[in-house]
> 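Quick one: this structure, given as structure tokens, is what I'll be asking you about.
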Amino acid sequence: MEKGVTMTSVQVEEHHDGNEAGQSAAGQSGEGEGYQRGLGARQIQMIAIGGAIGTGLFLGAGKAIHKAGPSLILAYAIAGLVIFFIMRALGELLMYRAVSGSFSEYAREFIGPFFGYVTGWTYWLFWVVTGITEVTAAAQYMQYWTHDSIPQWGYALIFTVILYGANLISVKLFGELEFWFSMVKVTAIIGMILICVGILTIGFSDAGDTASVTHLWDQGGFFPNGIGSTLMTLQIVMFAFLAVELVGVTAGESKDPKTVLPKAINTVPWRIAVFYVGALIMILSVVPWTEFVPGVSPFVAAFDKMGLGIGAAIVNFVVLTAALSSCNSGMYSTGRMLRDLAMNGQGPKFFTKLTKNGLPLVGTTFSAALMLVGVWINYQWPGEAFNYVVSFATISGMWAWIMILVCQIKYRRKADRGELPQSTFRAPGAPYTSWFALAFIGMVIVMMGIDKDARISLYAAPVWALILGVGYLVMQRGNPQASGGKAESQDAVK
């Protein structure tokens, strides 16, 4: 075993023994990390649901439908299965050790300190970039109602300050905001599905005379543009699922992680079946896929076909809440990731500070400030340079998924040898399902390289890797103990 990994494993086993002896103490603080367990089952469930529903479905699906036709339904179903494998792999790790650092901490333990460092900083960047784009998008959505009466940067500033303040009051308030943001998205999709079911069965609205499930195959077939076109939409499909892993970051602040988290993860299949596969089947049965165009929300197109003029306003409100939800999640996760890095000697020590309410003040403030700078840059120079940064979100988000799968494979191997305790929530079919998911992600990355529109996502990766590599070398020179993570740092203190 590697030096850093062995020491971390010892620390983990000591942690488990202490946890069994003092469960009541752990009920108030996040596994000795200083966090407060303020997220209940209701909030965790909605965070898990909301993480899988974003603007990728409400807006991005229009472009994917135009490319793949009805076969997009199959693409979402297969990708959804892969996401379930990823989440069950994460669940197995979480039940082995529920920590706020989540996949960064697991990468540090099972692969090595450098990979924990890369994963933590990459996931932090993912949410900063996502926060920048989403708060800017939210400001643009507000123009639908206000028509430039308030400048775009003004809304961006207002939203950022409000969400920043909410994240510094209590983790429970963050959970409540996510609960209601997710509720809006869920209600919108279920409402759309019920309306479509009514049109198909009763035949009301302007679409009643033409609506039919035969639209799924009689407009050029199920694969109207060929299987190749369907494969090329996979990066759009996977982008829609980014942030589903956020539930893992909440582990250190969940009131009852060993009960709540498995339940939330096990809802992934029906979430995807209803909100993606079910919604697309209904929409494409009411509106033939040939009527969708890139840049137009499939929900807006469906409402227009039904003769419901309020459709655009409804969808605009929903995507506004989706954008604010994503920015809120960014505020939450970035502070936790920076603190985890700092506690392991892989980031500035001042990021370890918590408020009396157990909130990472410095890390959240630093991330929120960068989001504001990004909004200003986007407002001043909305050119290609900014697009390069934004497109990096997809590949950086998938890096977290890769680390989850690799760590689960390594953990299962150690657990089966008796070197680590078995998880109470084993991933079914692992490690084969994890290998399959890794191969699928690899195929998506290859597809991104082939597609000239998505290829830009890969250009920034080597640059970011170089920055991280140089930063790691500088960090090692300044603090050699940082290369071994938390365990070595603590051992050095002893």
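This is a predicted model, so every value here is computed, not measured.
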> Determine yes or no for a side-chain-to-main-chain donor-acceptor pair under 3.5 angstrom, with Asn316 supplying the side chain and Tyr141 the backbone.
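Confirmed, Asn316 side chain pairs with Tyr141 backbone.
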> Let me confirm one number: the CG-CD1 distance from Leu90 to Ile404, rounded to the nearest 0.5 Å.
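One gets 4.5 Å once the value is rounded to the nearest 0.5 Å.
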> Can a donor-acceptor pair be found, under 3.5 Å and without considering hydrogens, that links the side chain of Glu92 to the backbone of Ser423?
no
> Give a yes or no answer on whether the side chain of Asn167 reaches the backbone of Leu163 with a donor-acceptor pair at less than 3.5 Å.
yes
> Under a 3.5 Å cutoff, is there a donor and acceptor pairing between the side chains of Ser333 and Trp127?
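Indeed, the side chains of Ser333 and Trp127 share at least one donor-acceptor pair under 3.5 Å.
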> Closest heavy-atom contact between His66 and Asn225?
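His66 and Asn225 have their closest heavy atoms at O-ND2, 3.6 Å.
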> Just so I know, are the side chains of Ser396 and Val129 near enough to count as touching, which here means a heavy-atom distance under 4.5 Å?
no
> Hey, would you say the Tyr276 and Phe241 ring centroids sit under 6.0 Å apart?
yes
> At what distance, to the nearest 0.5 angstrom, does CE of Met87 lie from CG of Leu261?
9.0 Å
> Decide ring pair (Phe, Tyr, Trp, His ring centres under 6.0 Å) for Tyr123 and Phe126; before the verdict, give the C-alpha distance in whole Å, the side-chain angles of both, and the deciding distance to 0.1 Å.
CA-CA 5 Å; Tyr123 198 66; Phe126 162 69; 5.7 Å; yes
> Indicate the atoms forming the closest heavy-atom contact of Phe292 with Val287, along with that distance.
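Minimum heavy-atom separation between Phe292 and Val287: CE1-O, 3.5 Å.
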> Does Phe115, at its CZ atom, have more than 12 non-hydrogen atoms belonging to other residues, nucleotides or ligands within less than 6.0 Å?
no
> Between Tyr411 and Leu93, is a side chain to side chain contact (heavy atoms under 4.5 Å, CB included) present by the stated rule, with each step listed?
CA-CA 8 Å; Tyr411 161 71; Leu93 292 167; 3.7 Å; yes
> Where do Thr233 and Ala75 come nearest, in terms of heavy atoms and distance?
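Shortest heavy-atom separation between Thr233 and Ala75 comes out as OG1-CB, 4.3 Å.
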> Atom CH2 of Trp464 and atom CH2 of Trp121: how far apart are they, to the nearest 0.5 Å?
7.5 Å
> Check whether any side-chain heavy atom of Phe366 sits under 4.5 Å from a side-chain heavy atom of Val128, and report yes or no.
no
> Minimum heavy-atom separation for Ala156 to Val135, with atom names?
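The pair with the smallest heavy-atom distance is O-CG2, 3.6 Å.
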> I want to check something: taking the side chain as every heavy atom from C-beta on, are Phe222 and Thr230 in contact at a cut-off of under 4.5 Å?
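Not touching, per the 4.5 Å side-chain cut-off.
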> Mind running side chain to side chain contact (heavy atoms under 4.5 Å, CB included) on Glu134 and Ser325 for me, showing each step along the way?
CA-CA 9 Å; Glu134 297 292 10; Ser325 172; over 6 Å; no
> Has the side chain of Ser367 got a donor or acceptor atom that lies under 3.5 Å from a matching backbone atom of Thr364?
no
> Would the distance check show the side chain of Arg412 and the main-chain N or O of Pro431 forming a donor-acceptor pair, the cut-off being under 3.5 Å?
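Looks like no, no N/O pair under 3.5 Å.
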> Determine whether a donor-acceptor pair (N or O, by modelled atom type, separation under 3.5 Å) exists between the side chain of Thr321 and the backbone of Val318.
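Side chain of Thr321 to backbone of Val318, a donor-acceptor pair under 3.5 Å: yes, one is there.
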> Side chains of Lys410 and Tyr106, heavy atoms from C-beta outward: is any pair under 4.5 Å?
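Not in contact.
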> Taking atom CZ of Phe159 and atom OG1 of Thr136, what is their separation to the nearest 0.5 Å?
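One gets 11.5 Å once the value is rounded to the nearest 0.5 Å.
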> For Trp180, I'd like to know if atom CH2 has over 12 heavy atoms of other residues, nucleotides or ligands within 6.0 Å.
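Check fails, neighbour count at 12 or below.
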> Considering only heavy atoms from C-beta outward, does the side chain of Ser285 approach that of Leu200 to under 4.5 Å?
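A side-chain contact exists here, since the closest heavy-atom pair is under 4.5 Å.
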> Please determine whether side chain to side chain contact (heavy atoms under 4.5 Å, CB included) holds for the pair Lys67 and Asp451, giving the CA-CA distance in whole Å, both sets of side-chain angles, and the decisive distance to 0.1 Å.
CA-CA 12 Å; Lys67 281 188 173 183; Asp451 188 346; 3.4 Å; yes
> Indicate yes or no: at least one non-hydrogen side-chain atom of Met331 is less than 4.5 angstrom from one of Thr160.
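With C-beta onward as the side chain, the pair touches.
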> Just checking Phe223: does its CZ atom have more than 12 heavy atoms from other residues, nucleotides or ligands closer to it than 6.0 angstrom?
yes
> Check Phe85 against Ala437 and note the closest heavy-atom contact, atom names and distance.
CB-CB, 4.4 Å
> Can you check whether Thr119's main-chain N or O pairs, donor with acceptor, with Thr122's side chain at less than 3.5 Å?
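The answer is no, because no donor-acceptor pair under 3.5 Å joins these two groups.
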> Between the main-chain N or O of Ala430 and the side-chain N or O of Ser434, is there a donor-acceptor pair closer than 3.5 Å?
no
> Heavy atoms, side chains only, cut-off 4.5 Å: are Gln408 and Leu405 in contact?
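The answer is no, as the side chains (C-beta and beyond) never meet within the 4.5 Å cut-off.
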> Between the main-chain N or O of Ile150 and the side-chain N or O of Gln143, is there a donor-acceptor pair closer than 3.5 Å?
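Yes, because the side chain of Gln143 sits within donor-acceptor range (under 3.5 Å) of the backbone of Ile150.
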> Nearest heavy-atom pair of Ile111 and Cys407: which atoms, and what distance?
CD1-SG, 3.9 Å
> Would you compute the distance between atom OG1 of Thr133 and atom CD of Gln140 and round it to the nearest 0.5 angstrom?
10.0 Å
> Does NZ or CZ of Arg108 fall inside the cone over Tyr117's six-membered ring, less than 6.0 Å from its centre and within 45° of the axis?
no
> Do Ile193 and Phe275 have side chains that get closer than 4.5 Å, going by heavy atoms?
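They are not in side-chain contact.
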> Is the backbone of Ala243 close enough, under 3.5 Å, to the side chain of Glu245 for a donor and an acceptor to pair up by distance?
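Here the side-chain-to-backbone pair exists.
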> Around Phe239, counting heavy atoms of other residues, nucleotides and ligands shown, do more than 12 lie under 6.0 Å from its CZ?
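Counting other residues, nucleotides and ligands, CZ of Phe239 stays at 12 neighbours or fewer.
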> Sort out for me which residue in Ile189, Val319, Ile314, Asp304 forms a side-chain contact (heavy atoms from CB on, under 4.5 Å) with Phe299.
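Option passing the side-chain contact (heavy atoms from CB on, under 4.5 Å) with Phe299: Ile189.
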> How long is the gap from CD on Glu178 to CG on Leu173, to the nearest 0.5 Å?
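The CD atom of Glu178 sits 11.0 Å away from the CG atom of Leu173.
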> Do Thr365 and Tyr164 pass the side chain to side chain contact (heavy atoms under 4.5 Å, CB included) test, and can you show the C-alpha distance, the side-chain angles, and the key distance before you say yes or no?
CA-CA 8 Å; Thr365 302; Tyr164 167 70; 2.7 Å; yes
